[in-house]
Amino acid sequence: MAILFPMPKRYWLMKCEPAAYTIDDLARDGRTSWEGVRNFQARNFMRDDMQEGDEALFYASNADPSGVTGLARIARAGYPDPFAWKKGHKYYDEGSTAAKPVWYSVDLAYVATFPAVVSLETLKNTKGLEQMMVIRKGSRLSVQPVTKSEFDIVARLGSKRGR
DNA sequence: GCCAACGTTGGC
DNA sequence: GCCAACGTTGGC
């Protein structure tokens with residue numbers, strides 16, 4: 001049972017373009033729903049593996065520079081994405097029903113804003129991060145698992161001032 | 001804005 | 001089930 005054998009905490013990287021949502025937006029909101037993920041692999045992570053209390057690196061893609069801008073926590077595990085049911089909405093998907101939802105959301109809570117972006121270039125040049133999915137060319141997955149070790153290294157880099 | 005890399009779609 | 005066409009992502 002999950003109560004007796006709780007899942008160990010997992011770590012994630014969540015991508016978002018600054019035009020859509022930023023770590024500052026999350027700091028302002030405190031908490032937000034992470035809807036609109038329309039990729040099956042990312043969906044599976046959100047639906048099957050993310051648990052409340054998991055920690056996440058907040059990654060700004062298509063940014064200047066792109067990189068990790070802060071930290072977040074999973075505040076609610078996967079639940080059916082209600083936007084998939086909103087007819088006319090850009091996230092609407094007629095294939096998703098309440099009985100058989102196709103897409104899933106999670107809720108994210110704000111944890112911290114890095115004083116400076118940990119850029120993609122820094123990630124690429126940091127020992128211990130060689131296996132990170134996000135530094136691989138052509139990696140487009142918007143929800144990625146990271147190891148505790150990778151999370152800790154990036155969180156430490158991010159906590160340094162004046163980088 | 002370019003374009004390579006990738007995921008999805010649809011004809012067959 | 002193959003694979004070309006298409007749309008999107010995202011670094012640069």
Side-chain angles (χ1 to χ4, degrees), chain A residues 10-29 32-50 54-72 74 77-108 110-147 149-151 153-158 160 163:
Chain A
R10 299 197 195 207
Y11 300 86
W12 307 95
L13 180 146
M14 314 286 287
K15 273 190 205 171
C16 191
E17 300 197 15
Y21 203 76
T22 67
I23 192 69
D24 291 338
D25 292 329
L26 185 58
R28 178 199 63 212
D29 296 341
T32 193
S33 56
W34 205 253
E35 68 273 0
V37 172
R38 294 294 179 266
N39 168 282
F40 289 107
Q41 203 180 345
R43 187 279 312 267
N44 292 346
F45 284 133
M46 294 172 76
R47 184 190 61 187
D48 304 334
D49 298 323
M50 276 191 188
D54 286 0
E55 296 188 71
L57 304 170
F58 193 103
Y59 183 90
S61 59
N62 246 326
D64 187 23
S66 294
V68 180
T69 54
L71 303 177
I74 308 302
Y79 59 95
D81 184 346
F83 288 84
W85 303 328
K86 290 197 164 85
K87 215 163 191 169
H89 195 277
K90 65 172 173 172
Y91 294 145
Y92 177 69
D93 181 351
E94 61 175 4
S96 186
T97 64
K100 292 205 168 194
V102 176
W103 304 114
Y104 280 73
S105 304
V106 297
D107 287 355
L108 281 191
Y110 174 75
V111 172
T113 303
F114 290 164
V117 183
V118 178
S119 69
L120 179 59
E121 193 189 356
T122 299
L123 298 178
K124 285 177 175 169
N125 292 327
T126 299
K127 207 170 178 188
L129 302 183
E130 296 86 354
Q131 302 302 318
M132 278 187 90
M133 208 176 280
V134 73
I135 70 173
R136 287 215 309 263
K137 190 178 178 182
S139 164
R140 290 166 40 176
L141 198 58
S142 64
V143 175
Q144 306 179 356
V146 301
T147 67
S149 162
E150 289 162 349
F151 180 91
I153 290 170
V154 176
R156 181 175 311 221
L157 285 172
K160 289 185 187 164
R163 293 177 36 76

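Note that this is a predicted model, so its numbers are computed, not measured. Chain naming here is simple, since letters A, B, ... match the order of the sequence lines and numbering starts at 1 in each.
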Do the ring centers of A:Phe58 and A:Trp34 come within less than 6.0 Å of each other? yes
Can a salt bridge be assigned to the pair A:Arg38 and A:Asp81 using a cut-off of 4.0 Å between side-chain N and carboxylate O? yes
In residues 10-18 of chain A, which ones come under 4.0 Å of DNA chain C, going by heavy atoms? A:Lys15
Compute the centroid of each ring, for A:Phe40 and then for A:Trp103, and state whether the two points are separated by less than 6.0 Å. yes
Just N and O in the side chain of A:Tyr59: are any of them under 4.0 Å from OP1 or OP2 of C:dT9? no
Please evaluate residues A:Asp29 and A:Tyr21 with respect to the criterion side chain to side chain donor-acceptor pair (under 3.5 Å), reporting the C-alpha separation (whole Å), side-chain torsions for both, the decisive distance (0.1 Å), and the verdict. CA-CA 11 Å; A:Asp29 296 341; A:Tyr21 203 76; 2.5 Å; yes
What is the distance from CD of A:Gln41 to C1' of B:dC6, rounded to the nearest Å? 11 Å
Please give, in whole Å, the distance from B:dC6 C1' to A:Met133 CE? 14 Å
Determine whether the aromatic ring centres of A:Trp85 and A:Tyr92 lie less than 6.0 Å apart. no
A:Arg140 side chain, from C-beta outward: closest of B:dT8, B:dC6, C:dG11: B:dC6
Apply side chain to side chain donor-acceptor pair (under 3.5 Å) to the pair A:Asn44 and A:Tyr104, showing each step before the final yes or no. CA-CA 8 Å; A:Asn44 292 346; A:Tyr104 280 73; over 6 Å; no
With no hydrogens and no angle check, is any side-chain donor or acceptor of A:Glu121 less than 3.5 Å from a backbone partner on A:Ser119? no
Write down the distance between CD (A:Gln144) and P (B:dG7), rounded to a whole number of angstrom. 12 Å
Nearest-nucleotide comparison on DNA chain B, the residue closer to the 5′ end among A:Phe40 and A:Lys137: A:Lys137
In whole Å, what is the span from the CZ atom of A:Arg43 to the P atom of B:dG7? 15 Å
Could you state the CZ-P distance from A:Arg38 to B:dT9, rounded to the nearest angstrom? 12 Å
For A:Leu141 and B:dT8, what is the distance between atoms CG and C1' respectively, to the nearest whole Å? 15 Å
Short question: side chain of A:Gln144, backbone of A:Leu141 - any donor-acceptor pair under 3.5 Å? yes
Dump the intermediate steps for side-chain contact (heavy atoms from CB on, under 4.5 Å) on A:Met14 and A:Met50, then the final yes or no. CA-CA 12 Å; A:Met14 314 286 287; A:Met50 276 191 188; 3.4 Å; yes
Whole angstrom value for the distance that separates P of C:dG11 from CG of A:Leu123: 11 Å
Heavy-atom contacts under 4.0 Å between residues 61-70 of chain A and DNA chain C, which residues? A:Ser61, A:Asn62, A:Ser66
From the options C:dT9, C:dC12, B:dT8, select the nucleotide whose nearest atom is closest to the side chain of A:Lys124. C:dC12
